[in-house]
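Comments concern the structure below.
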Amino acid sequence: MLNDTIKIGTHTLQNRVVLQPMEACDCENGAPSQLTVRKYMRFAESGAGLIWFEANGVCPEGLTNPGQMQLTEQNTDRFKQLLDDMKEQALKVTGIEPKTILQLTHSGRQSMERLTMYDNKVYAHRSGQIVTDDYLEQLPEHYAASTLLAEKAGFDGVDIKACHGYLLMEALSAFTRPGKYGGSFENRTRLYLNCFRAAKDVKSSQTILGARIGL
């Protein structure tokens with residue numbers, strides 16, 4: 001039943017209602033704006049046991065929009081304040097303390113710089129620069145750094161996002177890409193697994209590590 005509790009790792013969700021992530025691109029320099037705060041405070045009042053935050057860019061060139069969420073060293077305190085306020089409001093209004101997960105993503109060909117894994121005829125209208133293997137080697141460090149910042153801000157978990165045509169999802173279908181990140185199943189999953197493992201290696205035992213994968 002929806003009101004039943006469920007345990008995820010060391011966390012217990014007080015019900016099985018989840019508010020799904022939806023980008024509004026209303027942040028200011030990556031940090032929550034007044035509109036962002038209003039949205040998530042309303043989410044806090046919903047009584048949901050889990051609030052899944054929208055896509056958070058792990059690096060500047062991976063942002064899909066100037067208003068996209070991006071947790072950084074400079075704005076961690078603003079995220080922490082929002083999470084603290086949400087928890088307080090949720091307990092006051094509903095008596096339920098929601099858990100929170102932050103999506104971590106690189107928007108790939110949907111980013112402002114249109115960075116791609118390979119040429120794709122279906123997405124010819126969004127063709128862009130094919131990223132090098134050297135560039136991809138650096139991405140796990142960004143996912144690890146974002147995971148640590150999410151913990152510092154107070155999120156209960158992170159989601160290594162590989163759906164909606166973003167870079168990690170596109171890597172999974174890079175059949176025609178040459179080199180270590182394309183062709184075979186082992187190569188096509190290499191980037192995702194490297195980013196996932198990088199986050200896993202730095203997170204605390206209490207932090208939930210999730211995934212959304214589209215093929």
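All of these numbers come straight from a predicted model, not from anything done at the bench.
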Under 6.0 Å from the [atom1] atom of [X], do we count more than 12 heavy atoms belonging to anything else shown?
X: Glu186; atom1: CD; answer: no
X: Asp201; atom1: CG; answer: yes
X: Asp119; atom1: CG; answer: no

Practice prompt. Assess whether side-chain contact (heavy atoms from CB on, under 4.5 Å) is satisfied between Ile213 and Leu172, documenting all intermediate values.
Written response: CA-CA 9 Å; Ile213 300 176; Leu172 299 176; 3.8 Å; yes
Which heavy atom in [X] sits nearest to a heavy atom in [Y], and how many Å separate them?
X: Thr10; Y: Ser205; value: CG2-O, 4.3 Å
X: Cys27; Y: Ala31; value: CB-O, 3.1 Å
X: Asn3; Y: Asn15; value: CA-CB, 4.0 Å
X: Ala144; Y: Ala198; value: CB-O, 3.7 Å
X: His11; Y: Asp156; value: CE1-OD1, 3.5 Å
X: Tyr143; Y: Ala199; value: O-CB, 4.4 Å

[atom1]/[X] to [atom2]/[Y] distance, rounded to the nearest 0.5 angstrom?
X: Gln81; Y: Asp77; atom1: CD; atom2: CG; result: 9.0 Å
X: Gln70; Y: Cys59; atom1: CD; atom2: SG; result: 7.5 Å
X: Leu82; Y: Thr100; atom1: CG; atom2: OG1; result: 9.0 Å
X: Glu23; Y: Met69; atom1: CD; atom2: CE; result: 9.0 Å
X: His106; Y: His142; atom1: NE2; atom2: NE2; result: 7.5 Å
X: Phe196; Y: Thr147; atom1: CZ; atom2: OG1; result: 10.0 Å

Worksheet entry | Ion pair check, Glu170 and Arg109, cut-off under 4.0 Å | yes
Worksheet item: Between Glu54 and Lys39, is there a side-chain N and carboxylate O pair less than 4.0 Å apart?
Response: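 Looking at Lys39 together with Glu54, the answer is yes, because their closest N to O distance falls below 4.0 Å.
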State yes or no: do [X] and [Y] share one hydrophobic cluster built from I, L, V, M, F, W and Y residues joined by side-chain heavy-atom distances below 4.5 Å, directly or via other members?
X: Ile208; Y: Leu83; result: no
X: Ile101; Y: Phe155; result: no
X: Ile160; Y: Leu50; result: no
X: Tyr181; Y: Tyr135; result: yes
X: Val17; Y: Ile51; result: no

Worksheet entry | Test side-chain contact (heavy atoms from CB on, under 4.5 Å) applied to Ile8 and Leu13, step by step | CA-CA 7 Å; Ile8 301 178; Leu13 274 61; 3.9 Å; yes
Residues in salt bridge (charged side-chain N to carboxylate O under 4.0 Å, His left out) contact with [X], at least two apart in sequence or another chain:
X: Asp85; answer: none
X: Glu73; answer: Lys152
X: Lys200; answer: none

Worksheet entry | From Leu136, Leu168, Ile130, residue fulfilling side-chain contact (heavy atoms from CB on, under 4.5 Å) relative to Met117 | Leu136
Worksheet entry | Among Leu102, Val158, Leu149, side-chain contact (heavy atoms from CB on, under 4.5 Å) partner for Asn56 |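 Going through the options one by one, the only one that passes is Leu102.
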[X] side-chain N/O to [Y] backbone N/O, donor-acceptor pair under 3.5 Å:
X: Arg177; Y: Gly182; result: no
X: Arg190; Y: Lys180; result: yes
X: Ser33; Y: Asp26; result: yes
X: Ser184; Y: Asn187; result: yes
X: Thr76; Y: Thr72; result: yes
X: Gln103; Y: Ala55; result: yes
X: Thr207; Y: Gly157; result: no
X: Arg78; Y: Pro32; result: yes

Worksheet entry | Tyr192 and Met169: CA distance, side-chain angles, deciding distance, side-chain contact (heavy atoms from CB on, under 4.5 Å) verdict | CA-CA 8 Å; Tyr192 183 79; Met169 176 183 171; over 6 Å; no
Discussion item. Using the ring-ring contact (aromatic ring centres under 6.0 Å, His included) criterion, which residues pair with Phe43? Sequence neighbours excluded.
Written reply: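 Result, ring-ring contact (aromatic ring centres under 6.0 Å, His included) vs Phe43: Tyr40.
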Worksheet, complete the sentence: Residues passing the ring-ring contact (aromatic ring centres under 6.0 Å, His included) test with Tyr166, sequence neighbours excluded, are none
Below 4.5 Å, heavy atoms only, C-beta onward: do [X] and [Y] meet side chain to side chain?
X: Leu71; Y: Ser146; answer: no
X: Gln68; Y: Pro66; answer: no
X: Thr116; Y: Gln129; answer: no
X: Tyr118; Y: Ser173; answer: yes
X: Ser111; Y: Leu63; answer: no

Practice prompt. Would you please test Ser107 and Leu167 for side-chain contact (heavy atoms from CB on, under 4.5 Å) and show each step?
Written response: CA-CA 6 Å; Ser107 297; Leu167 191 70; over 6 Å; no
Which pairs of donor and acceptor atoms, one on a side chain in residues 86-95, lie under 3.5 Å apart (sequence neighbours left out)?
from, atom 1, to, atom 2, distance (Å)
Gln89, NE2, Glu45, OE2, 2.7
Thr94, OG1, Ala90, O, 2.7
Thr94, OG1, Ile96, N, 3.1

